[in-house]
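Only one structure is covered here, and it is reproduced in the block below.
Start at 1 with the first residue, then count along the sequence. Side chains included, hydrogens not; waters and symmetry mates left out as well; all remaining heavy atoms used.
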Amino acid sequence: MKRNSFHLVEFSPWPLTGSMGALFLMLGLIGWFHLETYKLLLIGLLLILFTMFQWWRDVIRESTYQGFHTIEVSKGLRWGMILFITSEVLFFFAFFWAYFHSSLVPSLEIGLCWPPVGVYSLDPFSVPLLNTGVLLFSGITVTWAHHSLMEGNWLGGMQGLFCTFSLGIYFTFLQAGEYFETFFSIADSVYGSTFFVATGFHGLHVLIGSIFLFVCFMRVVFYHFSIGHHFGFEAAAWYWHFVDVVWLFLYLSIYWWGY
């Protein structure tokens with residue numbers, strides 16, 4: 001019997017647990033905003049983390065130990081990642097659309113000026129500029145890790161991934177500190193809404209990308225990748241470069257141009 005070159009995925013409970021985690025996370029955020037309760041939020045976060053761990057475990061088993069990720073499967077995974085990043089581009093495009101729609105022609109309700117009357121924007125040449133340097137340097141280190149893996153230099157791959165992961169955590173730390181120092185909130189006009197939604201979702205993507213890279217770091221430690229078969233890392237690198245590019249647009253438009 002000829003073996004099929006495509007991987008027919010078996011039944012998995014993780015889409016269900018992930019969906020339940022997302023539901024509890026949404027309800028938990030609503031409860032946190034309006035009632036200051038955290039139980040559902042914690043349950044949602046724990047369910048999502050549990051799903052991520054279990055699903056990653058299954059994918060690692062399928063690709064590394066069971067050999068299900070053939071050339072045809074890898075092509076499908078590449079196209080899947082390309083389409084996912086394309087959907088993320090459109091996701092952030094909506095935020096930029098909302099920002100420029102309000103900032104290019106300010107309405108009477110916000111004082112016919114941008115930033116709106118009473119809103120004091122952040123200095124683009126302080127923490128935002130430092131964060132820009134951090135992400136640009138992280139793009140260099142993840143490229144270093146990629147070239148090291150292609151050359152069979154596992155030590156260089158581990159060092160590059162560790163540096164990239166650390167820079168991602170440092171970026172998150174700086175952005176969290178920046179949020180505590182802002183002179184406005186998400187409720188302060190359309191400026192506060194677009195600022196916190198756009199930069200907040202980008203920060204969430206940085207956090208997800210950091211987790212992605214940490215998983216790749218652990219896989220390099222356990223020699224799960226080879227010179228010609230390391231798409232798990234390539235997907236993480238593509239995602240990280242996308243996050244870098246989005247931040248450049250955020251910095252130039254929201255921080256620098258909107259200052």
Side-chain angles (χ1 to χ4, degrees), residues 25-38 40-42 44-45 48 88-139 164-211 239-240 242-259:
L25 185 65
M26 181 194 70
L27 295 176
L29 285 172
I30 294 173
W32 180 35
F33 291 159
H34 295 280
L35 304 175
E36 296 186 0
T37 59
Y38 307 95
L40 276 180
L41 181 62
L42 290 176
L45 286 173
I48 288 175
E88 292 286 277
V89 170
L90 298 177
F91 179 74
F92 278 98
F93 180 79
F95 299 147
F96 284 108
W97 184 288
Y99 179 80
F100 285 111
H101 174 78
S102 300
S103 61
L104 291 176
V105 186
S107 64
L108 181 64
E109 289 77 12
I110 61 175
L112 298 174
C113 62
W114 193 264
V117 175
V119 175
Y120 299 95
S121 58
L122 296 170
D123 183 4
F125 301 107
S126 57
V127 175
L129 184 60
L130 175 59
N131 264 343
T132 302
V134 168
L135 273 191
L136 288 177
F137 188 68
S138 72
T164 310
F165 165 75
S166 301
L167 289 170
I169 297 300
Y170 183 49
F171 176 93
T172 303
F173 173 78
L174 289 175
Q175 190 173 45
E178 178 187 77
Y179 280 0
F180 282 108
E181 296 177 357
T182 55
F183 303 103
F184 54 90
S185 71
I186 195 171
D188 285 322
S189 181
V190 66
Y191 183 90
S193 300
T194 53
F195 174 87
F196 281 103
V197 169
T199 59
F201 269 110
H202 177 268
L204 179 63
H205 281 69
V206 171
L207 191 58
I208 294 171
S210 299
I211 296 172
Y239 186 83
W240 196 255
F242 159 75
V243 168
D244 286 351
V245 172
V246 169
W247 175 257
L248 288 177
F249 282 102
L250 284 174
Y251 176 76
L252 292 174
S253 58
I254 294 180
Y255 286 99
W256 181 71
W257 182 79
Y259 181 55

Please examine the side chains of V206 and W240, heavy atoms only from C-beta on, and report whether any two atoms are closer than 4.5 Å. yes
Taking only residues two or more places apart in sequence, or in another chain, which ones meet L42 in a side chain to side chain contact (heavy atoms under 4.5 Å, CB included)? none
Heavy-atom check, side chain of E178 versus side chain of L122, under 4.5 Å: yes
Mark yes or no for whether E88, through its side chain, and Y239, through its backbone, hold a donor-acceptor pair below 3.5 Å. no
Any side-chain heavy-atom pair of V89 and F242 under 4.5 Å: yes
Aromatic rings Y170 and F173: how do their planes relate, parallel, tilted or perpendicular, breaks at 30° and 60°? parallel
Are more than 12 heavy atoms, taken from residues, nucleotides or ligands other than F91, located less than 6.0 Å from that residue's CZ atom? yes
Could you tell me whether the side chain of S253 reaches within less than 4.5 Å of the side chain of F96, counting heavy atoms only? yes
Flag if over 12 foreign heavy atoms under 6.0 Å of CH2, W97: no
Check whether any side-chain heavy atom of F184 lies under 4.5 Å from a side-chain heavy atom of P115, and answer yes or no. no
Under 3.5 Å, is there a donor-acceptor pair between the side chain of Y179 and the main chain of G200? yes
When you compare the side chain of V117 with that of I110, does any pair of heavy atoms fall below 4.5 Å? no
Taking all non-hydrogen atoms of both residues, which atom of G28 and which atom of L40 are closest, and how far apart? CA-CB, 3.7 Å
Is any side-chain heavy atom of L136 closer than 4.5 Å to one of D244? no
Please determine which of F92, Y255, W114, F195 meets the ring-ring contact (aromatic ring centres under 6.0 Å, His included) test together with Y99. W114
Do the ring planes of W247 and H202 sit parallel (below 30°), tilted (30 to 60°) or perpendicular (above 60°)? tilted
Distance (rounded to the nearest 0.5 Å) between T199 OG1 and I254 CD1: 6.5 Å
With side chains defined as the heavy atoms from C-beta onward, is the minimum distance between L29 and L41 less than 4.5 Å? yes
Do you know which two heavy atoms are closest between F137 and L167, and how far apart they sit? CD2-CD1, 3.4 Å
